[in-house]
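Some notes on the structure that comes next.
Throughout, a chain's letter reflects where its sequence line sits, starting with A, and its residues are numbered from 1.
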Number of protein chains: 2
Amino acid sequence: MLSPLTLRLQAFTKLSVADREAIDRVSRSSVRQVAARQDIAREGDRPRAVNLILEGWACRYKSLPDGRRQIVSLFIPGDLCDANVLILKEMDHYIGAITAVRLAEIGREQLEALTLDHPRITQALWWDALVTTSVQREWTLNVGQRDAYERISHLLVEMFLRLRAVGLTTGNTCPFPLTQTDLADATGLTAVHVNRTLQDLRRDGLIALERRTLTIPDLPRLKNAAMFNDNYLHLDHEGAHLDAND
Amino acid sequence: MLSPLTLRLQAFTKLSVADREAIDRVSRSSVRQVAARQDIAREGDRPRAVNLILEGWACRYKSLPDGRRQIVSLFIPGDLCDANVLILKEMDHYIGAITAVRLAEIGREQLEALTLDHPRITQALWWDALVTTSVQREWTLNVGQRDAYERISHLLVEMFLRLRAVGLTTGNTCPFPLTQTDLADATGLTAVHVNRTLQDLRRDGLIALERRTLTIPDLPRLKNAAMFNDNYLHLDHEGAHLDAND
DNA sequence: CGGGTAATTGACCCGGGTCAACAGCAGTGG
DNA sequence: CCACTGCTGTTGACCCGGGTCAATTACCCG
């Protein structure tokens, strides 16, 4: 049973036993529990640590002075919410817990030790950072060009695939704790319209979504509706040439 | 006269003479000229080099199967269009020239040599990558939450500030080579609506824009209209503690 | 001067927003 | 066990920001 972070990084490269143990050690170091709907970090804070999500869902969000709010990223177990990798002086966004969250705070020294001793992990963390940015670009496309039906479909497919990559799906089902208001904030729609669009998706047999559980009866069909191209997730084991030989 | 990249990185940290010379050397290594409106890199390509823009404007864009197109980033002199820093296997987006562009292709070996010998540059490149991602998040917010008037204002302010940081403004004026169609693709609006909104901005005395030249008579007022918060550009010399001591 | 790209305008329409009421359900305390 | 509270989801009526379509009008460049 591998940790979610290990599973995630292995989408890029196979890690050695020593690599995996190092990750496990770091994951157990400084664990923090955050209640649902609480902020994990605030805009204006000085970044203190990289947060590794161990359990639960979180998000990155930004807001405008008049209260409009945009969720710009979602985090699931195995995701690093790089609090800007300790280079930037000040957070320019919030990180908030959606469900109750268990996370590991990885300090600067630990991170440096980890990367110094484990070049494959360093590479894998780079991969992780690049993929995160790539996802952010896809979100810009999503919000900028897709209509409501495509946009919500796209988000659902993305989360399903990301959850599957860390072993958190069961068949064609996965947990989906976002409220319709959250979905609205993530897609740039209103909660009312999200509600109506979800009903359309259900009517068309593309999804079932109830009690915070999402079922996708026919993934290719939903992908199609979303114009989903998974190249931006870079899940195809691209660092194979670096694989540990054990 | 410092190169745009040096100027840009100095927003983060002061570089030593040796650092600057190393950057200059790399900037002169493998220079390529691309005509306006040509692609610099294509989706599906294997990334070959990091492209450093020396002159002209370029953009990163993604498109949907039915032709809808989203410009997700703009590049000006001094910007690195990391072609995924050579870790990812395949480009998930296009890079296109807006004007004629002169760029330097920085290969893997050169990049490694540069960072190995110049730790301050390594830090500065990290800063650059983080800021790029931060800008991407702000674009998601922009397209997701701001209305047309705010959205276009925001883009204009951002580009003005970025140009100013690399010495390419003159007073309250800067070059602005985007067509209204480009602006539309970058903001998720239609060209028709961009046209009408620009007229509103002109009527309100917030901008003058003609012959590819932008003038901002009252920057604070335009910032205000855009709900612009420049924290996401991280231009405040945050790596001061690393400054070269010469 | 001709041809092509970019900007502009008008008429009309629609996806999605707004407002407001209400229903379902979980948790909480008595 | 029940009443209360508050969040989440749902629905209807109506409206508006921005899209669509199509026709002109600059403008640029060879």
Is a donor on one side and an acceptor on the other found under 3.5 Å between the side chain of B:Arg146 and the backbone of B:Ala226? yes

**Study point:** Flag side-chain contact, heavy atom, 4.5 Å: A:Leu155 against A:Trp139
**Key:** yes

Atom CZ of A:Arg146 and atom P of C:dG16 are separated, to the nearest Å, by 14 Å

message: For B:Asp182 and B:Arg37: C-alpha separation, side-chain torsions, deciding distance, then whether salt bridge (Lys or Arg N to Asp or Glu O under 4.0 Å) applies.
response: CA-CA 11 Å; B:Asp182 294 331; B:Arg37 303 289 155 191; 2.8 Å; yes

Worksheet item: Backbone N or O of A:Tyr149 within a donor-acceptor pair of the A:Ser153 side chain at under 3.5 Å?
Response: yes

Rounded to whole Å, the CG-P distance (B:Leu183 to D:dG18) equals 15 Å

Protein and nucleotides 23-28 of chain C: nitrogen or oxygen contacts under 3.5 angstrom:
none

Strictly distance-based, threshold 3.5 Å: is any side-chain N or O of A:Ser3 a donor or acceptor partner for the main-chain N or O of A:Thr6?
yes

Protein heavy-atom contacts under 4.0 Å, written 5' to 3' over nucleotides 5-15 of chain C as B (base), S (sugar-phosphate only) or - (none), form the string -SSBBBB----

Practice task
Please check if any side-chain donor atom of A:Gln199 sits under 3.5 Å from a side-chain acceptor atom of A:Asn195, or the reverse.
Solution key: yes

Inset, instruction - Check whether the side chains of A:Gln136 and B:Thr140 place a donor and an acceptor atom closer than 3.5 Å, and report yes or no. - result: yes

key: salt bridge (Lys or Arg N to Asp or Glu O under 4.0 Å) evaluation trace for A:Asp230 with A:Lys223   = CA-CA 9 Å; A:Asp230 46 14; A:Lys223 276 186 168 178; 3.3 Å; yes

